[in-house]
Peer 1: 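Can you keep this structure in mind? I'll have questions shortly.
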Amino acid sequence: MLELIRKYRFHLLTGAALLAALAFYSLSLRDREHASGFERMVIDLFAPVHNVGAGVSGFFSGVWNDYIDLVDVRAENKQLRESVKTLNSRLIENREAIHENVRLRQLLDLKAIQRAPSVAAMVIGEDSSPWFKTLVINRGAVDGLQEGMPVVAANGVVGQVIKVAAGSSRVLLLTDTASGIASVVQRSRARGVIKGKGGGLCSLEFSLREEDVKVGDMVVTSGIGGIFPKGLVIGEVTMVRKGEYGIFQTISVRPAVNMARLEEVLVLLQKAP
């Protein structure tokens with residue numbers, strides 16, 4: 001024990017001196033108006049310790065405040081992200097409404113120039129199998145639809161009603177191989193029949209070799225047969241080939257209406273003869 005005291009006597013004496021100084025300093029606090037030389041010495045001695053403690057306290061206080069600020073910023077960022085998502089959704093909805101209004105206005109303009117009564121319909125289904133090219137619309141017998149009625153869009157001919165239910169109908173597209181529409185080349189008045197050929201294209205059949213048909217010519221309905229009114233746009237000639245044999249020429253036509261993007265149509269309420 002004595003050996004241990006001798007080994008650490010300096011530290012023990014220093015600690016005892018500090019304790020004595022603190023005790024003496026505490027007893028001297030009653031006189032607050034003037035500080036003695038000893039008090040000033042103690043103050044100077046412990047000032048660095050106080051400064052270190054204040055610095056440590058300030059550091060941890062700053063860290064805590066920064067943490068609180070970071071939590072607030074994260075919460076604010078989350079709210080801002082949600083607000084941006086909401087605004088983007090509204091913007092998309094507004095753009096969709098604008099596009100729909102444009103399409104419907106085009107249908108109304110088309111309806112205004114048609115002599116026959118008509119009804120607008122929305123595309124609610126499609127059948128693009130290798131054998132049939134049809135659409136399903138949300139209008140049926142209760143709306144006055146019957147089989148054989150022509151179906152058009154703002155850009156041109158779509159097809160013909162082939163099946164009618166109470167509240168829906170099936171439309172055979174002009175690109176279907178079973179479709180046939182009497183037509184005429186607008187520029188030269190060359191006649192023929194538009195037949196579907198698959199791949200979103202049509203062909204102008206039964207056009208004689210001597211008929212004047214060129215790439216870029218527009219093909220419209222001829223009105224023959226009484227199904228489609230005269231002058232409705234069908235499409236544009238994209239290829240003309242006259243073979244060495246035969247009396248007809250081969251003509252490809254690209255429909256004016258993009259069937260894959262069709263959303264609204266107009267059904268002309270005139271029954272086929």
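Quantities reported herein were computed from a predicted structural model and do not represent experimental measurements.
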Peer 1: Might you point out which heavy atoms bring Phe228 and Gly159 nearest each other, and give the distance in Å?
Peer 2: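 Closest approach of Phe228 to Gly159, heavy atoms only: CZ-O, 3.2 Å.
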Peer 1: Is there a donor-acceptor pair closer than 3.5 Å between any side-chain N or O of Asp176 and the backbone N or O of Leu173?
Peer 2: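 No, Asp176 side chain to Leu173 backbone: no donor-acceptor pair under 3.5 Å.
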Peer 1: Taking side chain as C-beta onward, heavy atoms only, is Val123 less than 4.5 Å from Glu264?
Peer 2: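 No. Closest side-chain heavy atoms not under 4.5 Å.
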Peer 1: Who passes side chain to side chain donor-acceptor pair (under 3.5 Å) against Thr175, sequence neighbours left out?
Peer 2: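 For Thr175, no residue satisfies side chain to side chain donor-acceptor pair (under 3.5 Å) once neighbours in sequence are set aside.
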Peer 1: Does Thr221 use its side chain to pair, donor to acceptor, with the backbone of Leu232 at less than 3.5 Å?
Peer 2: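 Confirmed, Thr221 side chain pairs with Leu232 backbone.
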Peer 1: Could you check if a side-chain atom of Ser183 sits within less than 4.5 angstrom of a side-chain atom of Val220, using non-hydrogen atoms only?
Peer 2: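 Ser183 does not reach Val220 side chain to side chain.
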Peer 1: Got a sec, which residues hit side chain to side chain donor-acceptor pair (under 3.5 Å) with Asp212, two or more places apart in sequence or on another chain?
Peer 2: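 Partners of Asp212 under the side chain to side chain donor-acceptor pair (under 3.5 Å) test: Arg187.
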Peer 1: For residues Leu204 and Val185, determine if any side-chain heavy atom of one lies less than 4.5 Å from a side-chain heavy atom of the other.
Peer 2: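 Touching, per the 4.5 Å side-chain cut-off.
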Peer 1: Check Lys133, Gln160, Met259 against Leu174 for a side chain to side chain contact (heavy atoms under 4.5 Å, CB included) and give me the one that passes.
Peer 2: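 Exactly one candidate clears the test, Met259.
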Peer 1: Does the side chain to side chain contact (heavy atoms under 4.5 Å, CB included) test come out yes or no for Thr238 and Val253, once each step is laid out?
Peer 2: CA-CA 6 Å; Thr238 57; Val253 177; 6.0 Å; no
Peer 1: Kindly write out the residues that satisfy side chain to side chain donor-acceptor pair (under 3.5 Å) with Ser179, not counting sequence neighbours, or none if the list is empty.
Peer 2: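 Testing Ser179 for side chain to side chain donor-acceptor pair (under 3.5 Å), a comparison that skips the adjacent residues, returns none.
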Peer 1: Looking at side-chain heavy atoms only, is the closest gap between Val265 and Val152 below 4.5 Å?
Peer 2: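 When only atoms from C-beta onward are counted, Val152 and Val265 do not touch, as no gap falls below 4.5 Å.
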Peer 1: Other members of the hydrophobic cluster containing Leu201, with the 4.5 Å side-chain heavy-atom rule, please.
Peer 2: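 Members other than Leu201 - counting any ILVMFWY side chain reachable under 4.5 Å - there are none.
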Peer 1: Using a 4.5 Å cut-off on heavy atoms from C-beta on, say whether the side chain of Met122 contacts that of Ile137.
Peer 2: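 They are not in side-chain contact.
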Peer 1: Yes or no on side chain to side chain contact (heavy atoms under 4.5 Å, CB included) for Val158 and Leu262, after CA distance, side-chain angles and deciding distance?
Peer 2: CA-CA 9 Å; Val158 173; Leu262 201 57; 3.6 Å; yes
Peer 1: When rounded to the nearest 0.5 angstrom, what is the spacing between OG in Ser203 and CD in Gln249?
Peer 2: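 One gets 12.0 Å once the value is rounded to the nearest 0.5 Å.
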Peer 1: Hey, could you give me the CD1/OG distance between Ile162 and Ser169, rounded to the nearest 0.5 Å?
Peer 2: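 Rounded to the nearest 0.5 Å, the CD1-OG separation comes to 10.0 Å.
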Peer 1: Could you give all pairs that pass the ring pair (Phe, Tyr, Trp, His ring centres under 6.0 Å) test and reach residues 138-195, with sequence neighbours left out?
Peer 2: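 As it turns out, there is no ring pair (Phe, Tyr, Trp, His ring centres under 6.0 Å) pair with a partner in residues 138-195 once direct neighbours are skipped.
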Peer 1: In terms of heavy-atom contacts, does NZ of Lys242 have more than 12 from other residues, nucleotides or ligands at under 6.0 Å?
Peer 2: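 It does: Lys242 NZ has more than 12 such atoms within range.
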Peer 1: Tell me which donor-acceptor pairs under 3.5 Å the side chains of residues 189-198 have, and how far apart each pair is, sequence neighbours excluded?
Peer 2:
from   : atom 1 : to     : atom 2 : distance (Å)
Arg189 : NH1    : Gln186 : O      : 3.2
Lys197 : NZ     : Ser252 : OG     : 3.2

Peer 1: Can you tell me which residue pairs pass the ring pair (Phe, Tyr, Trp, His ring centres under 6.0 Å) test with a partner in residues 151-180, sequence neighbours excluded?
Peer 2: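 Listed by first then second residue: nothing to list.
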Peer 1: Could you report the tightest heavy-atom contact between Gly144 and Leu269, atom names first, then the distance?
Peer 2: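 Where Gly144 meets Leu269 most closely, the heavy atoms are O-CD2, 3.9 Å.
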Peer 1: Using the side chain to side chain contact (heavy atoms under 4.5 Å, CB included) rule, take Val233 and Asn155 through it: C-alpha gap first, then chi angles, then the decisive distance, then the call.
Peer 2: CA-CA 7 Å; Val233 176; Asn155 296 334; over 6 Å; no
Peer 1: Holding to salt bridge (Lys or Arg N to Asp or Glu O under 4.0 Å), I want the full list of residues that pass it with Arg139, two or more places apart in sequence or in another chain.
Peer 2: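 Expected list: Asp143.
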Peer 1: Test of understanding: clusters of I, L, V, M, F, W, Y form through side-chain heavy atoms closer than 4.5 Å, transitively. Do Val171 and Ile227 belong to the same one?
Peer 2: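 Linked, Val171 and Ile227 end up in one cluster.
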Peer 1: Could you name each residue pair satisfying ring pair (Phe, Tyr, Trp, His ring centres under 6.0 Å) that touches residues 139-175, not counting sequence neighbours?
Peer 2: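 Found none.
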Peer 1: Which ring pair (Phe, Tyr, Trp, His ring centres under 6.0 Å) pairs, counting each pair once, include a residue from residues 169-216, with sequence neighbours left out?
Peer 2: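 Residue pairs with at least one partner in residues 169-216: Phe206-Phe248.
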Peer 1: Holding to salt bridge (Lys or Arg N to Asp or Glu O under 4.0 Å), I want the full list of residues that pass it with Glu236, two or more places apart in sequence or in another chain.
Peer 2: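 Arg254.
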Peer 1: Side chains of Val151 and Leu266, heavy atoms from C-beta outward: is any pair under 4.5 Å?
Peer 2: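 Counting from C-beta outward, Val151 and Leu266 never come under 4.5 Å.
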Peer 1: Within the 4.5 Å heavy-atom criterion, are Val237 and Ile251 side-chain neighbours or not?
Peer 2: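 Contact flag for Val237/Ile251 side chains = yes.
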Peer 1: Checking Glu211 now: which residues fulfil side chain to side chain donor-acceptor pair (under 3.5 Å) with it, not counting sequence neighbours?
Peer 2: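 In terms of side chain to side chain donor-acceptor pair (under 3.5 Å), with neighbours along the sequence ignored, Glu211 is linked to no residue.
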Peer 1: What's the shortest heavy-atom distance between Ile224 and Ala182, and which atoms?
Peer 2: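 For Ile224 and Ala182, the tightest heavy-atom pair comes out as O-CB, 3.5 Å.
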